[in-house]
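Before any comments, here is the structure.
If you're wondering where the values come from, they're calculated on a predicted model, not measured in any experiment. Side chains are part of it too, since the values below use all heavy atoms of this structure and drop only hydrogens, waters and symmetry mates. Reminder, nothing fancy here: chain letters follow the sequence lines and each chain counts from 1.
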Amino acid sequence: MKLLLIHSDYIEYEVKKKAIKTPEEIEKKTDRFDEALTVFTAIEKIDADSSDQAIKNAITEITKTAEQLKVKNIMLYPYAHLSSDLASPKQAQNLLIELEYELRQKDFNVKRSPFGWYKAFKISCKGHPLSELSKTITPGEKDDESESLKKERKLSSYWHILNEDGTLHKIDEFDFKQHENLRKFSFYEKEKSRAVKQEPAHVKLMKKLEIADYEPASDAGNMRYYPKGRFIKKLLEQYVTRRVVDYGGLEVETPIMYDMQHPTLSKYLQRFPARQYQIESDKRNFFLRFAACFGQFLMAHDATISYKDLPLKLYEMTKYSFRREQSGELTGLRRLRAFTMPDVHAMVSDMDMAMDEFKIRFNLSLSVLQDIGLDTNDIEMALRTTKEFYNENKEFIVNLAKRVGKPILVELWDERIFYFVLKFEFNFVDKSDKASALSTDQIDIENGERYDIQFTDMNGEQKHPLILHCSPSGAIERVIYALLEKEAIRMSNGEKAMLPVWLSPTQIRFIPLGDEFIENCNAYIEELQNHSSLELIRADVDDRDESVGRRIRDAEKEWIPLIIVVGEKEKTAGRFKPRFRSSELGDNNKVYSLEELAGIIDSYGTGFPTEPLPLPRLLSKRPRFK
RNA sequence: GCCGCUGUGGCUUAGAGGUAUAGCGAUUCCUUGGUAAGGAAUAGGUCGUGGGUUCAAUUCCCACCAGCGGCUCCA
């Protein structure tokens, strides 16, 4: 729906002749309204499809404006020329009548000019800034069904802590003494308000380290990534993809936008409305995907699948998934509107296979996070299921808790409300005590049927599979957020922050004491590479005309794991005394050969992807992005 | 999305109804240095955007945008 709102001294019209075959019957030929908000209105095709919502949203907009302007009089004026995608005249007329009725209910004085006529009109616009406004209304905001689902879920949801010894405690009776983060996480999940007021630590870091930043020219929640950020993101993407492929995931690529009218998808959208970006293209409406589900399910629907192919695992690193989160919910890299999400689905024949697969993916997720640098100390596990499922599979669930080696949060429902029966999440608790989900997996028992995905079983019968939805690491941006927040916490404890060596854009920095040593540094880098079993070791040279102290300080601020000053001494001896950022890496008082240094980098990099330096090797040739 | 706070050169910031302060960074020059800031000079600002009030607005008012906090949300 398109609206043109004009705050007018007066509006008057005179009906001339028919504009369509069967126009509305007219009571008055002319009419006039003083001190009125004139609402020129064009009803569009999409409004007709979900008219209730369109009306509701239009009322909200009109009411808001009328209240701002403090007007009580509203003239509804059909004006087809505002849109090129009109609803049928009949639909439009009905909607206008409804709109009129609803506005009356809100205590406005409403007049409506007749539909389907050419009319002469005079209007006097007040001309102040708010006096002319145009609005586009799209239907499909809040959906009552999902609203009630949510309420229902809250009412029938029970919170517990499951100890790794298998005992289940009510959340209020559990002793959180040794489990401070679990307490924070549980509180965050179950309660609402938080007392702490703190800016997210990672936002400052992501800018300072030239990883990512807000992009004012885009929509909120769409970030820019500087070379170092793109680099870190790229390595994480590669690593997670590699792990999923090793697990058996078949990597595919699917479109990022889908037709809103597609029969299967529109049903799915009904359940989760109003959280998508929408795109209008040539009179069709598309939404941007919020996960990889659609593409993979549609692909599976068209595939010929035998029970022998199961479990069938389809995988995509979605770049991007889009969710139009409420503006107030967006923060840094923690919650975005466009994000990179590994999404691997597994189609399985029955619940037994689903549970076996669930366990495998649970271990995969745990291992992926661990390798990235987030171990069980950094995460809190949540498990959500129905009471019935829990009681029938207690041992299975307790074993999961045992695997993480500490108590977990359990949410139990009286009845299944969502499309899944069982779900786990690994959550990260940040410096501000906020919790965010990273890895997750779910057993979905609805969508195999909804998407009509079929496999042929042993007896030659067609069956719908169960589907597991897993993101082994969670959104890549969120992984970076967690790594930065973790380091922020360490810094506040007086420790030095550092990224894992395999993720560090620069692993070794050489600081030559004079220009004459730059060549030596280059030679050292080559030699390091020759000693290394890795495809690439990332070393650079700070050749800037700055003092040594200054260059060391800058390297430290960049969190570079190894810093090596090169002068006459090193040139002669061929041995080095690096500054190790962490004592785990090496001893600051010892002298190392290049071979030994290469060995250190190797020990942290083996099994991980490598990529070249994201910036020129010489610091003097690097721009500053921040 | 709602409520509240904030918005000054690339960054951090001072300030006030009469077009603005400093540090860092950048540039140039000096310094050629041994493990967390060597020195000097120069350039750089539509004071978030659009309106309004006023002789005059970056400062006051309104709207919008963005960030932050809280609510909500997190399929």
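A side chain to side chain contact (heavy atoms under 4.5 Å, CB included) with A:L468 holds for exactly one of A:H345, A:R361, A:M347; it is A:R361.
At the heavy-atom level, A:F625 lies nowhere under 4.0 Å from the strands shown. Looking at heavy-atom distances under 4.0 Å, A:I511 makes no contact with the nucleic acid at all. No engagement by A:G474 is indicated, since no non-hydrogen atom pair under 4.0 Å with the nucleic acid exists. Among the heavy atoms of the strands, none lies under 4.0 Å from A:K204.
Distance, A:N447 CG to B:A75 C1': 10 Å, rounded to whole Å.
Residue pairs meeting the side chain to side chain donor-acceptor pair (under 3.5 Å) criterion with at least one member in residues 573-582 of chain A, sequence neighbours excluded: A:E556-A:R579, A:E556-A:R581.
Between A:F294 and A:H262, the gap from one ring centroid to the other reaches at least 6.0 Å. For A:Y451 and A:H301, the ring centers sit 6.0 Å or farther from each other.
Of all nucleotides listed (B:C68, B:A66, B:G34), B:A66 comes nearest to the side chain of A:A220.
Taking a pair as Watson-Crick or G-U wobble with both distances under 3.5 Å, RNA chain B forms stems of 3 or more consecutive pairs at B:1-7 with B:65-71, B:10-12 with B:22-24, B:26-30 with B:38-42, B:48-52 with B:60-64.
A heavy-atom distance below 4.5 Å is found between the side chains of A:F428 and A:E485.
Side-chain N/O atoms of A:Y214 include one lying less than 4.0 angstrom from OP1 or OP2 on B:C68. Using a 4.0 Å cut-off, no side-chain N or O of A:R553 falls inside it from OP1 or OP2 of B:C24.
B:U21 and B:G45 are spaced 13 Å apart, taking the P atom of each and rounding to whole Å. Nucleotides B:A66 and B:U53 place their P atoms 27 Å apart, quoted to the nearest Å.
Evaluation of A:F290 against the base of B:A75 yields a stacking contact (centre distance < 5.5 Å, interplanar angle < 30°).
Proximity of a side-chain donor or acceptor of A:R450 to a complementary backbone N or O of A:T264 within less than 3.5 Å is not detected.
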